[in-house]
Trainee: 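So that we are looking at the same thing, I have put the structure below in structure tokens.
Letters A, B, ... are given to chains in the order of the sequence lines, protein chains preceding strands, and every chain is numbered from 1.
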Amino acid sequence: MTDIIDELHWRGLIAQSTDEDALRARLAEGPITVYAGFDPTAESLHAGNLVPLLALRRFQRAGHRAVVLAGGATGLVGDPSGRASERSLNTPERVRELVEGIKVQLSAFVDFDGPNPAILVNNLDWTAPMSALEFLRDVGKHFTVNQMLAKESVSARLNGEGISYTEFSYMLLQSNDYLHLYRDHGCELQIGGSDQWGNITAGLDLIRKVTGGRAHALTVPLITNASGEKFGKSTGGGRLWLDPELTSPYAWYQYWINADDRDVVNWLRTFTFLDRDEVEALAAETAERPFARAAQRRLAEELTTLVHGKDETAKAIAASQALFGRGDLSELDPATLGAALREAGALRVEGALPSATALLAQSGLAKSLSDARRTVAEGGAYLNNVKVTDGDVPVAESELLHGRWLVLRKGKKTFAGVELVR
RNA sequence: GGCGGGUUGCCCGAGUGGCCAAAGGGAGUGGACUGUAAAUCCAUCGGCUCAGCCUACGCAGGUUCGAACCCUGCACCCGCCA
């Protein structure tokens, strides 16, 4: 087995780490317990969360024990790291709901069976019972405001629009989590995004002061695309969510297959478990025959399988082939066409067919009727791969494929289906 | 608590009485080119029953033929002083 640290380096997954030699020495002695935490800030985790989550899994595969932490407590407070402005607080009920949601997602990426099963914890379990006085005396006393002010997450705010006492305290909560896991689970390594460095090292200090023990920290880089944009933040239609209700497997697959040549090899390293030989072969293929998009196809396939499973991946691939194939849509058999359109997102219409612009708006391809009209005027609207010239007249029944389907397209690659239900 | 500055479209930001649905940039979207790539160029970028109309420049009210721009009150943000 290759050394896990070497592997992480090769994959470009180490942004910062504490004494690497000491960590290597510790890893050489035997299995270690590693943790990464995820706060419930949204309905679902997104593609960016995958990087630390997969890092945890990489450790697990290398024989170590993974602890996944859902931030039921920290989610109530709000992490100031990487944010220019204060977060608005979610209600406790809302946070509880979000925690339940992300717990399900988190548990899909680590293995709970086998010789070194992962565990899933919620920091609310040990944080909620603590009184304010205990917190101030047992945790707060170990931090000087001076060092807290020096943290990037805080100083950035001091120069900007300020920071509430609530968010200022965040690093103490996260530090206490690490201390708790160190004591109760023998956790010696915390992994997080590079914006977590300050919070993680604060935890190391706390562990050292309280127990005299030594633990380690490792951050994964913030993934950006070739244009330097934060990954997964904005992908045109919004974030790339792991939840299939928010980002369909088809849309997820399409995102990756559209990856920039300059990004695709890096992403194979950071987001997949393909080994070095496979990645290098795909890199060579991309350099020689970029138009074949072999690396993009593999990336999309791997990631869709990882997140949504084999069946959904097969459907996404089939839908992509049907819609992007240069064949005549009317030659597709009804089952293939219907499956592809449902996969891409199909609008059900009852009774009479409305106009093409109305369909564009209703299907969500256009964000309003005005937007749909604009698209038609610009020559970017297609019905069954034929450019729409007059968008305001009702679509003729004769356009229906197999008597019930319409293929709507906006631009070169955004499809939606329309299914007429009589 | 006092004084000063600010609040403009998805974001940044110009505009200080009519020429403002609001300059410029970014993001987004469509087109050309291509490989479902990048770069580049062009267009577009509040809504609608779309040659017109409606809604919009923190909120509410006022002055005016006419207000994002002037006045009053309120809210919030930033800075300085206490």
Trainee: Working note: A:F415 + A:Y250, criterion ring-ring contact (aromatic ring centres under 6.0 Å, His included); need CA distance, chi angles, decisive distance, verdict.
Mentor: CA-CA 11 Å; A:F415 289 91; A:Y250 170 79; 7.6 Å; no

Trainee: Tell me whether the side-chain N or O atoms of A:E378 pair up with the base of B:U29 as donor and acceptor below 3.5 Å, since no angle test is needed here.
Mentor: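 Checked by distance alone, the answer is no.
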
Trainee: Any donor and acceptor pair, going by atom type alone, linking the side chain of A:T144 with main-chain N or O of A:Q147 inside 3.5 Å?
Mentor: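 Looks like yes, one N/O pair under 3.5 Å.
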
Trainee: So does A:S370 reach the base of B:C50 with its side chain, donor to acceptor, closer than 3.5 Å?
Mentor: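 Indeed, a donor on one side and an acceptor on the other fall under 3.5 Å apart.
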
Trainee: Mind checking the C1' distance from B:C54 to B:A39? Whole angstroms is fine.
Mentor: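 Each nucleotide's C1' atom is 41 Å from the other's.
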
Trainee: At 4.0 Å (heavy atoms only), tell me whether A:R293 reaches a base, stays on the sugar-phosphate, or touches nothing.
Mentor: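 The answer is base, as A:R293 lies within the cut-off (heavy atoms under 4.0 Å) of a base atom.
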
Trainee: If you only use heavy atoms from C-beta on, which nucleotide in B:G47, B:U36, B:A37 is closest to the side chain of A:K367?
Mentor: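 Nearest to the side chain of A:K367 among the choices is B:G47.
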
Trainee: Which nucleotide wins on minimum distance to the side chain of A:K412, given the candidates B:C33, B:C50, B:A37?
Mentor: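 For A:K412, the side-chain atoms sit closest to B:C33.
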
Trainee: Does A:L369 or A:P290 map to a spot on RNA chain B nearer the 5' end, using the closest nucleotide for each?
Mentor: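 The 5'-side residue here is A:P290.
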
Trainee: Phosphate oxygens OP1/OP2 of B:C45: is one of them under 4.0 Å from a side-chain N or O of A:R373?
Mentor: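 A:R373 to B:C45 OP1/OP2: no side-chain N or O under 4.0 Å.
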
Trainee: A:S368 or A:D261: which one's nearest nucleotide on RNA chain B is closer to the 5' end?
Mentor: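 Nearer the 5' end of the strand: A:D261.
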
Trainee: Could you tell me how far B:C42 sits from B:G46 if I compare only their C1' atoms? Round to whole Å.
Mentor: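 These two C1' atoms come out 23 Å apart once rounded.
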
Trainee: Counting just side-chain N and O atoms, does A:Y382 come under 4.0 Å of either OP1 or OP2 of B:G31?
Mentor: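 Yes, because at least one side-chain N or O of A:Y382 sits under 4.0 Å from OP1 or OP2 of B:G31.
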
Trainee: Report the distance from atom CG of A:D371 to atom P of B:U44, rounded to the nearest whole Å.
Mentor: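 Roughly 14 Å, once rounded to whole Å.
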
Trainee: Any side-chain N or O of A:K413 under 4.0 Å from OP1/OP2 of B:A37?
Mentor: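 Result: yes.
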
Trainee: Counting the atoms with a prime plus P, OP1 and OP2 as sugar-phosphate, which does A:R289 contact under 4.0 Å by heavy atoms, base, sugar-phosphate, or nothing?
Mentor: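 Nothing, no nucleic acid heavy atom in range.
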
Trainee: Verify the stacking flag for A:F324 against B:U36: centroid separation must be under 5.5 angstrom and the ring planes must differ by under 30 degrees.
Mentor: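 The ring of A:F324 is stacked on B:U36.
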
Trainee: Ring of A:Y382, cation from A:R409 - is the NZ or CZ under 6.0 Å from the centre and inside 45° of the axis?
Mentor: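 Satisfied, under 6.0 Å and within 45°.
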
Trainee: Return the orientation label for the A:Y255 and A:W267 ring planes: parallel under 30°, perpendicular over 60°, tilted otherwise.
Mentor: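 Rings of A:Y255 and A:W267: parallel, as their planes differ by under 30°.
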
Trainee: Report yes if at least one side-chain N or O of A:R374 is closer than 4.0 Å to OP1 or OP2 of B:G47; otherwise report no.
Mentor: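 Indeed, a polar side-chain atom of A:R374 lies that close.
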
Trainee: Looking only at atom P, what distance separates B:U29 and B:C45, rounded to whole Å?
Mentor: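 Their P atoms lie roughly 15 Å apart.
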
